[in-house]
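What follows is a single structure, written as structure tokens, with notes after it.
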Amino acid sequence: MLRLIFATLLSGCLPLAAAELKIAVLHPLLGDLAREIGGDRVETIDLIGPNGDPHHFEPRPEDLQKAAGAKLYLVAGMGLEGYLPKLKSVVAGKAELIEVGATLPPLAGCDGDDHEGHHHAVDPHWWHSIELFRRATGIVLEAMATAAPEDAALFRKNAAVYQKKLDALAIASRKEISRIPRDRRHLATTHAAFNYLCKDFGFVPHPVQGLNREQMPDPRELAKLVTDLKANQVAAIFPEKESNPKILSTLTHDTGIKLGDPLIADGTGGTSYIEMYRHNVAAIVKGLAP
Ligand SMILES: [Zn+2]
């Protein structure tokens with residue numbers, strides 16, 4: 001009897017069993033989301049790494065080795081991952097691959113040709129809309145609940161808590177941004193990553209580069225950008241934590257417009273989604289509020 005009680009006490013003190021569900025993510029913010037939903041019941045493998053560029057990634061055999069045993073692969077979708085067909089063929093039959101952005105409403109890419117000569121029909125940076133990230137929570141939840149039905153109830157509870165946090169984030173962001181008068185809501189950024197934020201909060205986007213970090217404007221585009229920035233009395237140009245091309249210092253020198261605090265565009269750098277959003281809103285308000 002004593003031994004039974006002791007055994008029961010002991011088992012109550014033991015840590016929970018190791019994580020049941022292994023998830024490979026091709027975007028750091030999707031790793032954050034999976035951990036919010038799964039808690040210690042999931043193990044996430046971030047294949048791109050905290051400082052990688054989700055626009056450009058080629059899964060190497062050793063990366064895929066790290067993800068061995070993953071039941072789920074989460075990718076952002078909307079054309080962000082050019083390597084997706086290759087990854088799909090590697091993963092086929094072994095795991096479920098979810099393109100989280102596939103059913104979210106896309107915005108059109110603001111530019112035409114990029115310098116590699118192909119069109120970007122849509123802007124893949126959907127995570128800058130809190131509402132879309134909220135919907136993504138539901139999409140990832142369903143995929144996880146299917147992959148690990150025994151933990152589905154816990155996942156649903158955690159997802160509901162997280163969606164409440166996203167609601168609070170949206171309210172706080174709106175309040176902060178209300179300090180920027182409507183006529184000052186012009187967002188000049190490095191690459192064209194912020195169209196979703198601009199749409200949600202009434203900003204006019206002025207990206208220096210195209211939809212990915214390599215695209216550079218030609219002299220004609222640059223001249224038009226300088227004219228636009230001056231005509232709208234744009235108060236600041238925002239670099240990125242992830243990339244800060246030389247062209248920005250040329251631009252600030254030529255226009256006299258100040259450089260704002262760096263924004264986080266692609267969700268890399270090791271911050272959580274909520275930290276990223278708060279950081280960006282604070283930087284934008286600091287740069288543009290009177
Ligand atoms: Zn990007």
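We number each residue from 1, following the sequence as shown. First listed ligand is number 1; within each ligand, the first listed atom is number 1.
- The name of the N, O or S atom in Asp266 nearest to the Zn ion (ligand 1) is OD1.
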Step by step, would you call Met276 with Trp127 a side chain to side chain contact (heavy atoms under 4.5 Å, CB included)?
-> CA-CA 11 Å; Met276 176 197 80; Trp127 52 89; 4.1 Å; yes

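- Asn51 and Thr268 share no donor-acceptor pair across their side chains, judged by distance under 3.5 Å alone.
- For the residue pair Asn195 and His125, no side-chain donor N or O sits within less than 3.5 Å of a side-chain acceptor on the partner.
- No hydrogens or angles considered: nothing links the side chains of His55 and Asp53 as a donor-acceptor pair under 3.5 Å.
- An angle of 110° is found at the Zn ion (ligand 1) between His55 atom NE2 and His125 atom NE2, rounded to 10°.
- Distance check for Asp53 against the Zn ion (ligand 1): none of its N/O/S atoms falls below 2.8 Å.
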